[in-house]
Amino acid sequence: MAKTHNLFLVNHPTGQRRQDFDEIAAKMTSLAPGIDVHIVPHDADASACDLPRDVWTRPSLAVSFRWPEKFRLRRGLLYAGRPINKFLQARKYAAARIPIPKTLAYEFGRPLNRDFWGEHVIMKPTRIDMMSRGHFIFLMRTERVGELAQKIFPPDHPARTLPVLIQQFIDTGEYPESYRVLTLFGEPLYCMTFRQDHPRSALTGTDRELLSLPIASNAGDNYVHALIDDKEIMAFARRAARAMPAIPLQGIDIVREAGTGRLYVLENNSGGNTWHFSSRIFLEGNQKITREHRIAQFGAFDIAAKVLAERTLREAR
C-alpha cells in the first residue's frame with residue numbers, strides 16, 4: 001500500500017530503547033499501512049536524516065517523549081514532553097477542575113492558617129534532584145511550619161535555590177499509598193500502586209517523630225508495588241491527562257484520601273523519564289515488575305500503536 005502519512009518517533013537512548021519503538025511500529029503496519037513510521041535520533045535534524053525526497057510530500061506528525069533537542073520537522077506537527085513546574089501544573093489542573101492538594105510556594109517565616117490547610121501539611125523542595133523517592137519530604141503540624149521550615153531548610157540549603165513547596169496533606173491511611181498511571185495521549189498503558197509495607201506512626205507524635213515519618217508511598221526500601229486494574233483510578237488519569245494535552249507521555253501520580261475515597265493528582269511527570277519499559281531509570285533500578293509484565297497488563301504496545309495511528313491520521317500536516 002502506498003504511504004500517505006509520516007509518523008516520526010524521536011528516540012532518546014536514556015528515555016527508551018529503540019526496540020520498543022520498533023515493536024510499536026511493526027504493530028502499526030497492520031493497523032494503518034498507509035503510515036510510514038520513522039524512528040529518528042533526538043540529536044539529528046529530520047531534514048538531515050537519510051530519507052527519500054518524497055517523504056516530505058506527505059502530511060507528517062512527530063512524537064518525542066522528551067524535549068527533542070536538535071530534532072526539527074521540515075513539515076508537520078510536533079508533540080514533545082517537557083518538565084512543567086508544580087505551580088503551573090497546579091494552575092492547569094485547577095482550570096480543568098481536577099482535584100489537587102492545595103499548593104503554595106512557601107515564604108520562609110510566614111505562618112499558615114490551620115483552618116485553611118488542615119492540621120498537617122507537607123513541605124518539600126521543587127529541585128528535581130531532591131524530589132525522588134520521598135527524599136526531603138517532610139510532614140509537620142501546620143502551626144509549626146514557620147519555626148520548623150527554617151531549621152529544615154536554612155538559608156544556605158541547596159533546596160532554596162528554587163521555591164520550596166507547601167502542600168495540603170492528603171492522608172492515604174495507615175499504610176501510605178499512591179498510584180502511577182502511564183498514559184500516552186491520555187490512554188493508560190499500565191496502572192501501578194505503591195504502598196508502604198509497614199504501618200505509619202500516629203499523626204499525634206512529636207515534631208521529630210512527624211518529620212521522620214515516611215510520607216511518600218515509595219520512600220526507602222519498605223514498600224511494595226503491583227500492577228492493578230482500577231477503573232476509577234484510570235478514568236481519573238484520563239481526565240488529568242486532558243488538562244495538558246500537548247504532553248504526549250505523562251506519568252500521572254494519584255492518591256486516594258482515606259475515609260472519603262476522594263482522588264487527587266499529585267503531578268504528571270511530563271519530562272519524559274517515565275517510559276518504564278526500557279528507560280535508564282527502569283533498567284538501572286531493582287525492578288520486581290518486569291518489562292513484559294508491564295506490557296502485558298493491558299497490551300501497552302498495542303494501545304500505543306492504535307493511539308499513535310489515530311493521532312497521525314487525524315493531525316498530521
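Values reported hereafter were calculated over all heavy atoms of this structure, with side chains retained and with hydrogens, waters and symmetry mates removed.
Taking 4.5 Å as the limit, every side-chain heavy atom of Leu227 sits out of range of all side-chain heavy atoms of Phe298. In this structure the side chain of Ile122 reaches within 4.5 angstrom of the side chain of Leu139, judged on heavy atoms. The side-chain heavy atoms of Glu147 and Asp207, taken from C-beta on, include no pair separated by under 4.5 Å. The shortest side-chain heavy-atom distance between Pro158 and Arg127 falls under the 4.5 Å cut-off. Residues Leu61 and His5 form no side-chain contact, since every pair of their non-hydrogen atoms from C-beta on lies 4.5 Å or further apart. Phe108 has its side chain within reach of Gln150: a pair of non-hydrogen atoms, C-beta onward, lies under 4.5 Å apart. Counting only heavy atoms from C-beta outward, the side chains of Arg256 and Ile233 approach each other to under 4.5 Å. Contact of the Gln297 side chain with the Met192 side chain is not registered, since no non-hydrogen atoms from C-beta on lie closer than 4.5 Å.
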Run the salt bridge (Lys or Arg N to Asp or Glu O under 4.0 Å) check on Lys306 and Glu310 step by step: do they pass? CA-CA 6 Å; Lys306 181 175 184 294; Glu310 291 174 349; 2.6 Å; yes

Steps toward ring pair (Phe, Tyr, Trp, His ring centres under 6.0 Å) verdict (Phe153, Tyr106): CA-CA 11 Å; Phe153 298 115; Tyr106 184 62; 9.7 Å; no

Applying ring pair (Phe, Tyr, Trp, His ring centres under 6.0 Å), run through Phe71 and His42 and close with a yes or a no. CA-CA 6 Å; Phe71 179 83; His42 68 99; over 10 Å; no

Could you go step by step and tell me if Asn6 and Arg58 meet the side-chain hydrogen bond (donor to acceptor under 3.5 Å, both in side chains) rule? CA-CA 6 Å; Asn6 297 316; Arg58 308 176 197 135; 2.8 Å; yes

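For Glu267 and Lys124, the salt-bridge test fails: no basic side-chain N is under 4.0 Å from an acidic carboxylate O. Here Asp197 does not pair with Arg195 in a salt bridge; the nearest charged N to carboxylate O distance is not below 4.0 Å.
Residue Arg160 places its CZ atom among more than 12 non-hydrogen atoms of other residues, nucleotides or ligands, all under 6.0 Å distant.
Gln250 places a side-chain N or O within 3.5 Å of a backbone atom of Ala241 that can act as its donor or acceptor partner. A distance-only check finds a donor-acceptor pair linking the side chain of Arg75 to the backbone of Arg317 [under 3.5 Å]. For Thr126 (side chain) and Pro163 (main-chain N/O), a donor-acceptor pair under 3.5 Å exists by modelled atom type. No donor-acceptor distance shorter than 3.5 angstrom exists from the side chain of Thr312 to the backbone of Leu7, with no hydrogens or angles considered. Using modelled atom types, one side-chain atom of Arg239 and one backbone atom of Arg97 make a donor-acceptor pair closer than 3.5 Å. Using a distance-only test at 3.5 Å, with no hydrogens or angles considered, no donor-acceptor pair links the side chain of Arg17 to the main chain of Thr14.
Using cut-offs of 30° and 60° on the angle between ring planes, the pair Phe194 and His225 is parallel. Ring geometry, His157 versus Phe136: the interplanar angle exceeds 60°, so the pair is classed perpendicular (tilted spans 30 to 60°).
Linking Ile, Leu, Val, Met, Phe, Trp and Tyr residues whenever their side-chain heavy atoms come within less than 4.5 Å places Ile98 and Ile254 in a single cluster. Each of Leu266 and Met123 belongs to its own hydrophobic cluster when Ile, Leu, Val, Met, Phe, Trp and Tyr are linked at side-chain heavy-atom distances under 4.5 angstrom. Placement of Val37 and Leu189 within a single hydrophobic cluster is found when ILVMFWY residues are connected by side-chain heavy-atom separations under 4.5 Å, directly or transitively. Under a hydrophobic clustering in which Ile, Leu, Val, Met, Phe, Trp and Tyr are joined whenever their side-chain heavy atoms come within less than 4.5 Å, directly or via other members, Leu263 and Ile228 fall into the same cluster.
Remark: aromatic rings of Tyr179 and Phe236 are distant, center separation not under 6.0 Å. The six-membered or imidazole ring of Tyr93 lies away from that of Tyr264, with a centre-to-centre distance of 6.0 Å or more.
In this structure, Lys102 is positioned above the aromatic face of Phe116, its NZ or CZ under 6.0 Å from the six-membered ring centre and within 45° of the axis. With a 6.0 Å cutoff to the six-membered ring centre and a 45° limit on the axis angle, Arg294 counts as a cation-pi contact of Tyr190.
Ser278 and Asp20 are linked by a side-chain donor-acceptor pair at a separation below 3.5 angstrom, with hydrogens and angles left out of the test.
Scanning both residues, Pro176 and Arg200, for their nearest heavy atoms gives CD-CB, 4.1 Å.
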